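Beneath this line is the structure, given in structure tokens, with notes to follow.
Numbering starts at 1 and runs along the sequence shown. These values consider heavy atoms only, across backbone and side chains, with no hydrogens, waters or symmetry-generated copies. Since the model is a prediction, treat every value here as computed from it, not as a measurement.
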Amino acid sequence: MSNLNCIPQGYTPILNLYDTQKAIGLIKRLFEDHLCGALNLRRVSAPLFVEAASGLNDDLNGVERPVSFDIPFTGRDAQVVHSLAKWKRMALYRFGFQVGTGLVTDMNAIRRDEELDNLHSVYVDQWDWEKVIAPRDRTEEYLHTVVRAIVRAICDTQNILRNIYGQMCAVTPPLRQGDLHLQPGAGGPLP
């Protein structure tokens, strides 16, 4: 397996390794709190593995090969999760989420067939969320409202991080909600 990761020549990290880990933890907590507040979500723990026969582990691109193992005590096979798409919908039902509420989770997964580069790894640590919406809310206008709420959560998180890690935030300009321009299909920017 060739390593396609490439650290740019002359790159010097702004934070040491431990402070980088602290900053990542803070970002994860802050953003999750802001996202939950913006979208009326509650945290639910994601499974690390699911029973192979459950059908809950999506094959993302049709050729994903899950990491599988047997559980001798149960006589069943399990798979390390690599997608939560089906599991989230089941969790909404099992936890009894009502219209207008939803869940947020942090998935730790192994994607053994991932094409590796600076942004993709075999190990995945990924946020995911799902919300119960009414049929009347299945509109482009509602989608725009949700996207704006997500951007607001990102902006609020970034503003706090600028106060704590000003030296890091000089790399990217401050985000403002007005900076968002979605181009859905051939539609154009959001109004």
- Item | Distance (rounded to the nearest 0.5 Å) between Asp33 CG and Asp156 CG | 11.5 Å
- Could you walk me through whether Asn57 and Phe49 pass the side chain to side chain contact (heavy atoms under 4.5 Å, CB included) check? CA-CA 9 Å; Asn57 210 9; Phe49 56 88; over 6 Å; no
- Task: Count the heavy atoms belonging to other residues, nucleotides or ligands that lie under 6.0 Å from CZ of Arg76, then report whether that count exceeds 12.
- Result: no
- Just by distance, do the side chain of Lys88 and the backbone of Asp128 share a donor-acceptor pair under 3.5 Å? no
- Query: Which other residues end up in the same hydrophobic cluster as Phe95, if Ile, Leu, Val, Met, Phe, Trp and Tyr are linked when side-chain heavy atoms come under 4.5 Å apart?
  - Reply: Val44, Val50, Leu56, Val81, Leu84, Trp87, Met90, Leu92, Phe97, Val99, Leu103, Met107, Val124, Val132
- Query: When rounded to the nearest 0.5 angstrom, what distance separates CD1 in Ile133 from CG in Leu39?
  - Reply: 11.5 Å
- Is it the case that one hydrophobic cluster holds both Leu15 and Leu161, taking links as side-chain heavy atoms less than 4.5 Å apart, direct or via other members? yes
- Do the side chains of Glu114 and Ser121 get nearer than 4.5 Å, heavy atoms only? no
- Task: Ignoring hydrogens and angles, tell me if any N or O in the side chain of Arg29 forms a donor-acceptor pair with the backbone of Gly25 under 3.5 Å.
- Result: yes
- Query: When rounded to the nearest 0.5 angstrom, what distance separates CD1 in Ile150 from SG in Cys155?
  - Reply: 12.0 Å
- side chain to side chain donor-acceptor pair (under 3.5 Å) against Asp113, all qualifying residues, sequence neighbours excluded: Arg65
- Item | Which residues share a side-chain contact (heavy atoms from CB on, under 4.5 Å) with Phe73, sequence neighbours left out | none
- Heavy-atom pair with the smallest gap, counting every atom of Ala38 and Ala149: CB-O, 3.7 Å
- Message: Please list all pairs meeting side chain to side chain donor-acceptor pair (under 3.5 Å) that have one or both residues in residues 10-23, counting only residues at least two apart or in different chains.
- Response: Asn16-Asp19
- Query: Quick one: side chain to side chain donor-acceptor pair (under 3.5 Å) pairs with a partner in residues 91-107, sequence neighbours left out?
  - Reply: Lys28-Asp106
- Task: Report the C-alpha distance between Tyr165 and Leu26 in whole Å, list the side-chain angles of each, state the deciding distance to 0.1 Å, and finish with yes or no for side chain to side chain contact (heavy atoms under 4.5 Å, CB included).
- Result: CA-CA 11 Å; Tyr165 297 105; Leu26 178 62; 3.9 Å; yes
- Query: Between atom CG of Leu35 and atom CG of Leu41, what is the distance when rounded to the nearest 0.5 Å?
  - Reply: 5.5 Å
- Between Glu115 and His120, is any pair of side-chain heavy atoms under 4.5 Å apart? no
- Task: Evaluate side chain to side chain contact (heavy atoms under 4.5 Å, CB included) for Asp77 paired with Ser68, printing each intermediate quantity in order.
- Result: CA-CA 7 Å; Asp77 292 331; Ser68 300; 5.7 Å; no
- Message: Please enumerate all residues that pass side chain to side chain donor-acceptor pair (under 3.5 Å) together with Asp137, with sequence neighbours excluded.
- Response: none
- Task: To the nearest 0.5 angstrom, please state how far the CD1 atom of Ile27 sits from the CD atom of Gln158.
- Result: 10.0 Å
- Task: Kindly give the heavy-atom pair with the smallest separation between Phe69 and Ile71, and that separation in Å.
- Result: CE1-CG1, 3.9 Å
- Task: Considering non-hydrogen atoms only, spot the tightest contact between Lys86 and Gly55 and give its length.
- Result: CD-O, 3.1 Å
- Query: How many angstroms lie between CD in Gln79 and OG in Ser54, if you round to the nearest 0.5 Å?
  - Reply: 7.0 Å
- Task: Start with the C-alpha gap between Ile160 and His34, add the side-chain angles, then the distance that decides, and say whether side chain to side chain contact (heavy atoms under 4.5 Å, CB included) holds.
- Result: CA-CA 11 Å; Ile160 294 170; His34 285 108; 3.5 Å; yes
- Message: Same cluster or not: Val80 versus Val122, using hydrophobic residues (I, L, V, M, F, W, Y) connected whenever any side-chain heavy atoms lie under 4.5 Å apart?
- Response: yes
